[in-house]
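In what follows, a single structure is set out as structure tokens and then discussed.
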Amino acid sequence: MTEHTKTDGLPGLESPGLPPLAERARPRNERMNTAKVECNACPVLCQISEGRAGACDRYANQGGTLVRLDPVVLLRRTLEAGETALVPFAGRGEDGAGSEAPAWSGDLLLADQVFVTGVGSSTTYPDYKPAPFIVGSQVQGVDMVTVVTEGIFSYCSFKVKIDTDRFLGAEQANVRCKGEVVGHVTTAEYGSQMLSLGGVHHLTGGSKKEGRITAEMMQALGNKQAVEFTIDGGSQIIIQAGRAPIVNGVEEQRMRVGCGSAAVGIFARQLFGLADEVVVVDDHITGVLTEHQAGRCLDMRPSGIQMLGRKSTPGRYFQVANPGTGWGGTDIADPLAIIEGWNAEVAWPGLRLLMTSTTGEHASWYVLDEDLRPVETEMPAEVRRIVERIGENCEPSLASVLFLAGAGGSLRAGVTENPVLLTRSIKQALVNVTCGGAPAYVWPGGGITVMADVLRMPDNSFGTVPTPAIVAPIEFSMRRSDYVALGGHGDQIRSLAEVLSRGAWHNEGAPQALQWQRQPEANPWPLGRPPLLG
């Protein structure tokens, strides 16, 4: 069976109320080497020699005992400048160095200050056993229960929003990582391109290499690392959550203020009197000011411009050029290429024409000569300021990564013996679902389909098992009375004080906490959101 030679640091943990991991790691047949332990934390069932780790690098054999390598992550809430902030539980610096585990004191045992996350908590696999942590606490006088586990997810993916006008690839085009297909391009949204990466068909439905690379890609992307992709018939792109995407080697700077039509409408009054015609070049909807309703409301004189593409409503043109990385997400480098000509009965020499992209990154100023040909000249300072304002109104280009998973199987059995009651309680808003303490959106409809922003989750929240599947944290918080009503494992509830002081970790003492990823706006406290406490 698979094993690794990882031997440094074996801070294993145990689950309160359950037999020790060593007692559950029995040889499955008499021919198995007695010096090895069998890990049943996933279906691979690694046989691990002493001092080595299993294939997932999450469990190891320490003196014949199966231990968990990664530390459990706790969140501690403090008040800073009147706002709620989440900070690391252990006394560690920004670089991860610092003091050892802090001394416990009574103020650390309050549920409104400490939350046990699923990161490093271990899994419920196989299905029969309760979740690793079922923590009882009291918050504002209300008895609460939080069921904490790591889920093994085969049915999961990442939905990636890339803020850019650049053409990344055609809708439904394959997205590849290290040559393997790991996802596809989905729809273009306002100023953004969307990708769907991972998913069960890539994890289990293709070759072993495809599944392995998909799992590695998902682990890296979820853990906020940079990953390089190529899109069939499109671009090469580097994606990292919370960072600007790099498209064909160029780091994106800004997303559009709007489509060409919207930009015309937003800045029409400011450009009125300074330009006789304005064209905002856009791959999807190119705007022409004098024809647009905004220009008509300003009583602008028609310019006689004749545009290529398909005219939609007045002042709005589709398909003026092919998608690309040029002006406004098109394939053009010369904006005049989208102008078919001028109506000599309407246009006039000296007509002032501004052409700009939806981000203001490209802009040119022209004046028609006696033959009604646009001649590029120096842009007036007043017009330049408005183009700069277009850029000022463009938000920074970022890549956003959202984890999307169907929570089924083992982790539901770890909460209750009757899983459908958990599903119903979540849909009735009796249960708050979080991922590593971060808020999770629960999709409507059947099942428990959750979505969370990886930037709101603790660093290194994601792991893999070589089945292949993704390992990710999930927590269910509810009133104790509601937990009993849904048939939860009430006899496994342990107080927060018991979990922190003695019951949870194989090595005696406190867990080694990881640094929480700080946010511009703090995450809501998992145990203080309505309707849990009204």
Side-chain angles (χ1 to χ4, degrees), residues 1-74 90 96 100-101 116-133 148-153 208 212 215-216 219 223 410-411 414 460-473 492 499 502-514:
M1 296 297 291
T2 306
E3 63 182 19
H4 288 186
T5 55
K6 181 174 180 179
T7 57
D8 55 318
L10 303 177
L13 61 88
E14 300 295 342
S15 301
L18 296 176
L21 283 169
E23 294 183 15
R24 289 179 276 134
R26 300 294 190 192
R28 70 171 181 267
N29 60 66
E30 295 180 354
R31 291 177 295 176
M32 178 177 165
N33 190 324
T34 56
K36 295 185 177 183
V37 295
E38 182 179 273
C39 175
N40 65 0
C42 86
V44 173
L45 300 174
C46 291
Q47 297 176 17
I48 309 174
S49 300
E50 183 172 350
R52 294 188 177 183
C56 67
D57 279 333
R58 296 164 60 241
Y59 295 90
N61 180 347
Q62 185 182 46
T65 299
L66 187 67
V67 297
R68 182 72 162 86
L69 292 173
D70 297 327
V72 175
V73 174
L74 308 181
E100 297 299 324
V116 182
T117 79
V119 181
S121 68
S122 185
T123 71
T124 59
Y125 189 88
D127 296 6
Y128 69 85
K129 62 179 182 279
F133 297 96
V148 179
T149 187
E150 282 180 312
I152 299 178
F153 295 98
K208 288 184 178 180
R212 175 177 57 82
E216 291 174 355
Q219 179 182 17
N223 287 337
S410 301
L411 62 85
N460 300 314
S461 287
F462 293 90
T464 64
V465 291
T467 49
I470 295 299
V471 178
Q492 301 295 329
V499 168
R502 68 175 182 84
W505 295 273
H506 177 70
N507 58 321
E508 296 180 1
Q512 187 180 17
L514 299 180

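Everything numeric in this text was worked out from a predicted model, so none of it was measured.
Nearest heavy atoms, P466 versus V44: CG-CG2, 3.6 Å. The minimum heavy-atom distance linking T117 with V148 is given by the pair O-CG1, 3.1 Å. Nearest heavy-atom pair across Q219 and I470 is N-CD1, 4.1 Å. Contact detail for S122 and P132: the closest heavy-atom pair is O-CG, 3.3 Å. Scanning all heavy atoms of the two residues, the minimum distance from E150 to G120 falls at OE2-N, 3.2 Å. Considering all non-hydrogen atoms of both residues, Y59 and I48 come closest at O-CD1, 4.0 Å.
Judged purely by atom type and a 3.5 angstrom limit, N223 uses its side chain to pair as donor or acceptor with the backbone of S461.
Shown here are the ring-ring contact (aromatic ring centres under 6.0 Å, His included) partners of F462, two or more places apart in sequence or in another chain: F158, F403.
Once rounded to the nearest 0.5 Å, the distance linking CZ of R52 with NZ of K36 reads 8.0 Å. For the atom pair E216 CD and T464 OG1, the distance stands at 7.5 Å (nearest 0.5 Å).
For the pair L411 and F153, the minimum side-chain heavy-atom distance is below 4.5 Å. For the pair N460/V119, no side-chain contact is recorded, criterion being any heavy-atom separation below 4.5 Å from C-beta on.
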